[in-house]
There are 2 protein chains.
Amino acid sequence: MITNQKKTILDYLKGVDIHPSAEIIYGEVRKKLPQISRGTVYRNLKDLKKRGEIQEISVDVAHFDGDISSHAHFICKQCRKIFDIFDICKECGVLNRKKTKVGKINNYQISFYGYCQKCNGGKSQLPRLS
Amino acid sequence: MITNQKKTILDYLKGVDIHPSAEIIYGEVRKKLPQISRGTVYRNLKDLKKRGEIQEISVDVAHFDGDISSHAHFICKQCRKIFDIFDICKECGVLNRKKTKVGKINNYQISFYGYCQKCNGGKSQLPRLS
DNA sequence: ATCGGTGCAAATCCTTTGCATTTCC
DNA sequence: GGAAATGCAAAGGATTTGCACCGAT
């Protein structure tokens, strides 16, 4: 069933290039449907994900991405922002695989971790344990 | 500081090839240190992760992997088990990258999603929204 | 009339944290 | 001896769920 609430959430996600959390989505969608509840947002996000319309990226809390095309994410270890990386996945043999020994691949997720330009690097790295 | 608790947790994780949750780790470590608390387990897991001694994989709840070598994970969409995929990442140009436009890559994580042998495929797939 | 979706609020459950105490160098 | 880690229990916070109601077929 495609309700107004679900459509509004999906439209919002398809229309932005950020990767909002459920709470952000709730806030944005509420601008159009002021009476929508968090429960409904969570239920619809879960359903949309199950259908493969959106993907979920776990960075501290769940974030959502309306873009399900082949791309990777770069996650800044400091500011926790999620960046899209499009140019990488085309030619890669690994990522064009359809199956592994374990089973058929339905979809994949690649996350690179590091420091973005702004938070750039000087960041102290903890020493390994002796 | 390297305490007995931290060492026991790390040893446990390095010694298994599963990807236990904090709760499982707590249960296992408690066999050797019956008085250890969940708080300590969580604190140490967080610290070990920050030091790069272990990695965290988010599948429903946090799971932990004592193997930080280059490998991917296959996550069964039904039974939620996490499988290691070692043979893929060696030759791949993408995964040997050290940087992206966004910033230097510190580490990465690849997750393939699908159904494992046991849960194998026949599983009904929900239709996309019209 | 029925069935699924919603809103609301309470419940759940994973994870974090404050604090007094203990451990480790 | 003193900084850092622990155990305990309570707090926090994201997500889920029960239930009465509503809306579409």
Side-chain angles (χ1 to χ4, degrees), chain A residues 1-13 18-51 53-65 75 77 80 82 124 126-130, chain B residues 1-13 18-51 53-65 75 77 80 82 124 126-130:
Chain A
M1 202 180 200
I2 169 94
T3 61
N4 200 11
Q5 286 89 335
K6 177 175 294 183
K7 184 170 179 341
T8 305
I9 291 170
L10 185 54
D11 284 351
Y12 167 67
L13 275 177
I18 58 173
H19 305 81
S21 65
E23 187 62 24
I24 299 289
I25 295 168
Y26 171 61
E28 290 300 316
V29 168
R30 207 153 48 136
K31 292 178 183 171
K32 297 205 167 169
L33 303 174
Q35 72 306 43
I36 198 174
S37 68
R38 277 192 183 76
T40 296
V41 171
Y42 277 102
R43 274 186 288 241
N44 276 309
L45 287 171
K46 180 173 271 197
D47 182 75
L48 289 168
K49 179 186 164 192
K50 195 163 56 178
R51 291 171 186 281
E53 304 275 343
I54 65 174
Q55 62 173 315
E56 182 183 335
I57 312 156
S58 184
V59 177
D60 305 322
V61 304
H63 290 249
F64 297 87
D65 189 345
I75 296 156
K77 291 166 96 165
R80 316 305 284 162
I82 302 168
S124 58
L126 288 182
R128 307 279 307 270
L129 295 176
S130 64
Chain B
M1 202 176 202
I2 170 92
T3 62
N4 199 12
Q5 287 89 334
K6 177 174 293 181
K7 183 170 178 346
T8 306
I9 291 170
L10 185 54
D11 284 350
Y12 167 67
L13 274 177
I18 58 174
H19 305 80
S21 64
E23 188 62 23
I24 299 289
I25 295 167
Y26 171 61
E28 290 301 315
V29 167
R30 208 152 47 135
K31 292 177 182 170
K32 298 205 167 168
L33 303 174
Q35 73 302 47
I36 198 174
S37 68
R38 279 192 180 77
T40 297
V41 171
Y42 277 101
R43 274 185 288 238
N44 276 308
L45 288 171
K46 180 173 271 196
D47 182 73
L48 289 168
K49 178 185 165 195
K50 195 163 53 175
R51 291 171 186 281
E53 304 276 344
I54 65 175
Q55 63 173 317
E56 181 183 336
I57 311 157
S58 184
V59 177
D60 306 321
V61 303
H63 291 250
F64 297 88
D65 190 346
I75 296 156
K77 290 166 97 165
R80 316 304 284 162
I82 302 168
S124 58
L126 287 182
R128 305 280 305 270
L129 296 176
S130 63

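Order of the sequence lines sets the chain letters (A, B, ...), proteins ahead of strands, with each chain counted from 1.
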Exercise. Once you build an axis from the first five pairs and another from the last five of the helix from dA1(C)-dT25(D) to dC25(C)-dG1(D), how far apart in angle are they, to 10 degrees?
Worked result: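 Between the first-five-pair axis and the last-five-pair axis there is 30°.
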For this session: For the residue pair Leu13(A) and Pro20(A), establish whether any side-chain heavy-atom pair is separated by less than 4.5 Å.
Result: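 Yes. Closest side-chain heavy atoms under 4.5 Å.
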Exercise. Taking 5' to 3' order, which nucleotide of DNA chain D is first and which is last to have an atom within less than 4.0 Å of a heavy atom in chain A?
Worked result: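 Contacts span dA14(D) to dG18(D), reading 5' to 3'.
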Applying side chain to side chain donor-acceptor pair (under 3.5 Å), name anything that partners [X], two or more places apart in sequence or on another chain.
| X | result |
| --- | --- |
| Ser37(A) | Thr40(A) |
| Tyr12(A) | none |
| Ser58(B) | Ser58(A) |
| Asp60(A) | Arg80(A) |

Please name all residues satisfying side-chain contact (heavy atoms from CB on, under 4.5 Å) with [X], sequence neighbours left out, ordered by chain then number.
| X | answer |
| --- | --- |
| Tyr42(B) | Ala22(B), Arg38(B) |
| Lys32(B) | Thr8(B) |
| Lys49(B) | Ile54(B), Glu56(B) |
| Lys46(B) | none |

Exercise. Hey, is Asp47(A) close enough to Arg51(A) for a salt bridge, meaning N to O under 4.0 Å?
Worked result: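 Judged by the 4.0 Å cut-off on N to carboxylate O distance, Asp47(A) and Arg51(A) do form a salt bridge.
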Problem set entry | Shortest non-hydrogen contact between Leu33(A) and Gln5(A), atoms and distance |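 Looking at all heavy atoms of both residues, the closest pair is CD1-CA, 3.7 Å.
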Exercise. Which comes earlier along DNA chain C counting from the 5' end, the contact point of Glu56(B) or that of Ile36(A), where each point is its nearest nucleotide?
Worked result: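 First, find each residue's nearest nucleotide; the 5'-ward one identifies Ile36(A).
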Exercise. If you measure from CD1 on Ile18(B) to CD on Glu28(B), what distance do you get to the nearest 0.5 Å?
Worked result: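 Result: 7.0 Å between the selected atoms.
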Exercise. Which letters describe nucleotides 17-25 of chain C, given B = protein heavy atom under 4.0 Å from base, S = only from sugar-phosphate, - = neither?
Worked result: BB-----B-
Problem set entry | Proximity to DNA chain D (any heavy atom under 4.0 Å), residues of residues 24-35 of chain B only |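 Nucleic-acid contacts, sorted: Gln35(B).
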For this session: Send over the distance from Asp47(B) CG to dT15(C) P, rounded to a whole Å.
Result: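 Taking CG of Asp47(B) and P of dT15(C), I get 17 Å after rounding.
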Problem set entry | Donor-acceptor under 3.5 Å (His19(A) side chain, His63(A) main chain) |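 No: the side chain of His19(A) does not pair with the backbone of His63(A).
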